[in-house]
Amino acid sequence: MESSTHIFTGSPTWVMALAMAAIASYLIPVFGVQRMAESHTRLAMRCAWVLHLLTVAAGLMTTPARFGFAPALSMTAWLMLTVYAIEQQLYPKMRAVGVLSVLGALTVLLAQIFPGKPMALQTSAWLPLHLALGIASYGLCAAAVVHAGLMSRAEHRMRTASNDEGGMPLLMLERLTFRFVTAGFVLLSATLLAGLLFGESLYGRAWVWDHKTVFSLLAWVAFALLLIGRSRFGLRGRHAVHLIYAGAALLLLAYAGSRFVLEVVMLGRLS
C-alpha cells in the first residue's frame, strides 16, 4: 500500500509549505495579470522562482534523495522560467507569463504528489552529471516549444493583420527558437553519448533498448531532421513548429512518460 500513502506523506511539512507558497506565487499573476502593475507581476514571478528552486533542492536533499517523472518536470519548468527571466531583461516585449505560471504551479504540485522513488545510495559519481545533462536538454527543448508557440502566435497576427503591438517580431522569435533547439540538441546528444559509453557505470547495465532509449533516439532524430532541414532547405514556419512539437513530445515520453508508467500505473496496480 506504499503507493497510496506516500502521495500525502512523502514530503516534510516545511517542504509542503514551501511548495504551497510557490504555487500561490505562481497563480497570483494568472488571476491578476490584467489588474496588476507589471512590477508586481515581476515580483510575484521572482518569488515563485525562488520558492520553486527551494522545493526542488529540498527534494534532492532529503534522506534518501528521491527522483522521478514529477521532479524532472518540476526542474524542467524551473529551467524554462530561468530562461524566461533572462530573456525578459533582453527582450521586454516577451510575453508568456500566464502559460509559464500555470506550468510552474502544476509541476510543483505534481512533484509533491509524486515525489519519485528513492535513489540508490551507491551510484556512480557521474550520475548527477548525466541527470543534469538530461534535465538541461529537457529544459532547453521545452523553452523551444514555448518560443515555437509564440512564433505561431506572431505568424497568426501577421496573417490576420492584427494591430497587437505587445509581442516580439516573428524573425526574432524564430532565431531564438532555433537557438534553443540547437542547444537542446547538443545536450541531448551528450546525454545519449554518456548513456552509451558509461551506461554500465551509471546504471549497472550496458546500453539497453528500452522505451526510454527508443523515444530518446526518436526525439534526437526529429531534432536532427529539423536542424538539417533548416540549414540545407530553409525549413521554417508551420512545418518547423510541428517538428519541434513532435521532438519535444517524444523526449517527454522518453523519461517522464516511462517513469510515470513505472511509478504510478504499474505501482498502482501492484498495490
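This is a predicted model, so every value here is computed, not measured.
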According to salt bridge (charged side-chain N to carboxylate O under 4.0 Å, His left out), does anything in residues 243-254 pair up with another residue at least two apart or in another chain? List the pairs. none
Give the table of side-chain donor-acceptor pairs shorter than 3.5 Å for residues 226-238, with sequence neighbours excluded, one pair per line with atom names and distance.
residue : atom : partner : partner atom : Å
Arg236  : NE   : Glu174  : OE2          : 3.2
Arg236  : NH2  : Glu174  : OE1          : 2.6

How far does CZ of Arg46 sit from OG of Ser25, to the nearest 0.5 angstrom? 13.5 Å
Please give me the minimum heavy-atom distance between Gly98 and Val30, naming the atom from each residue. O-CG2, 4.1 Å
By side-chain hydrogen bond (donor to acceptor under 3.5 Å, both in side chains) - contacts of Ser74 (at least two apart): His52
Residues in side chain to side chain contact (heavy atoms under 4.5 Å, CB included) with Ala136, at least two apart? Leu187
Taking all heavy atoms of Ala48 and all of Ala22, pick out the closest pair and write down the distance. CB-O, 4.1 Å
Looking at side-chain heavy atoms only, is the closest gap between Lys212 and Ser216 below 4.5 Å? yes
Ring centres of Phe114 and Phe69 under 6.0 Å apart? yes
For the atom pair CG (Leu176) and CE (Met172), what is the distance rounded to the nearest 0.5 Å? 6.0 Å
Once rounded to the nearest 0.5 Å, what's the spacing between atom CH2 of Trp78 and atom CD1 of Ile135? 12.0 Å
Minimal non-hydrogen separation, Ile28 against Ala44, with atom names: CG2-CB, 4.1 Å
Gly134 and Thr191 have their tightest heavy-atom pair at N-OG1, 3.4 Å
Distance, nearest 0.5 Å, that separates CG of Leu252 from OH of Tyr138: 5.5 Å
Count I, L, V, M, F, W, Y as connected when their side-chain heavy atoms are under 4.5 Å apart, and connections chain through other members. Are Phe67 and Leu109 then in the same cluster? yes
Derivation of the side chain to side chain contact (heavy atoms under 4.5 Å, CB included) call for Thr82 and Trp49: CA-CA 8 Å; Thr82 303; Trp49 183 86; 2.9 Å; yes
Could you state whether Val99 and Leu73 fall into the same hydrophobic cluster, counting links through intermediate Ile, Leu, Val, Met, Phe, Trp or Tyr residues with side-chain heavy atoms under 4.5 angstrom apart? yes
Once side chain to side chain contact (heavy atoms under 4.5 Å, CB included) is applied, do any residues pair with Val221, and if so which ones, sequence neighbours excluded? Leu225
Glu155 pairs by salt bridge (Lys or Arg N to Asp or Glu O under 4.0 Å) with which of Arg159, Arg153, Arg157? Arg159
Could you go through Phe180 and Val83, starting from their C-alpha distance and side-chain angles, then the distance that decides it, and tell me whether this counts as side chain to side chain contact (heavy atoms under 4.5 Å, CB included)? CA-CA 10 Å; Phe180 284 116; Val83 169; 3.2 Å; yes
With Val145, which residues qualify under side chain to side chain contact (heavy atoms under 4.5 Å, CB included), at least two apart? Ile244, Tyr245, Ala248
Atom of Ala222, atom of Leu243 and distance for their closest heavy-atom approach: O-CD2, 4.1 Å
Test side chain to side chain contact (heavy atoms under 4.5 Å, CB included) on Cys141 and Phe223; report intermediate values, then the result. CA-CA 9 Å; Cys141 291; Phe223 288 127; 3.7 Å; yes
How far apart are the closest heavy atoms of Trp14 and Ala58, and which atoms are they? CH2-CB, 3.7 Å
Salt bridge (charged side-chain N to carboxylate O under 4.0 Å, His left out) contacts touching residues 138-148 (sequence neighbours left out): none
How would you list, by chain and number, every residue that makes a side chain to side chain contact (heavy atoms under 4.5 Å, CB included) with Ala183, sequence neighbours excluded? Leu140
Please determine whether residues Val186 and Leu193 belong to a single hydrophobic cluster, defined as Ile, Leu, Val, Met, Phe, Trp and Tyr linked transitively by side-chain heavy-atom distances below 4.5 Å. no
Cluster question for you: counting only ILVMFWY and a side-chain heavy-atom cut-off of under 4.5 Å, with indirect links fine, are Leu171 and Val181 together? no
List for me each residue that meets side-chain hydrogen bond (donor to acceptor under 3.5 Å, both in side chains) alongside His147, sequence neighbours excluded, and say none if there are none. Glu87
Can you hop from Leu27 to Met80 via hydrophobic side chains spaced under 4.5 Å? yes
For Val102 and Tyr26, run side chain to side chain contact (heavy atoms under 4.5 Å, CB included): C-alpha distance rounded to whole Å, both residues' side-chain angles, the deciding distance at 0.1 Å, then the answer. CA-CA 7 Å; Val102 172; Tyr26 274 130; over 6 Å; no
Got a second to check how far Ser101's OG is from Leu81's CG, nearest 0.5 Å? 7.0 Å
Separation between OH (Tyr255) and OG1 (Thr76), nearest 0.5 Å, reads 10.5 Å
Taking salt bridge (Lys or Arg N to Asp or Glu O under 4.0 Å) as the test, write out the residues that go with Arg42, two or more places apart. Glu38
For Thr182, all residues meeting side-chain hydrogen bond (donor to acceptor under 3.5 Å, both in side chains), sequence neighbours excluded: none
Applying side-chain hydrogen bond (donor to acceptor under 3.5 Å, both in side chains), can you list everything that pairs with Trp220, at least two apart in sequence or on another chain? Ser189
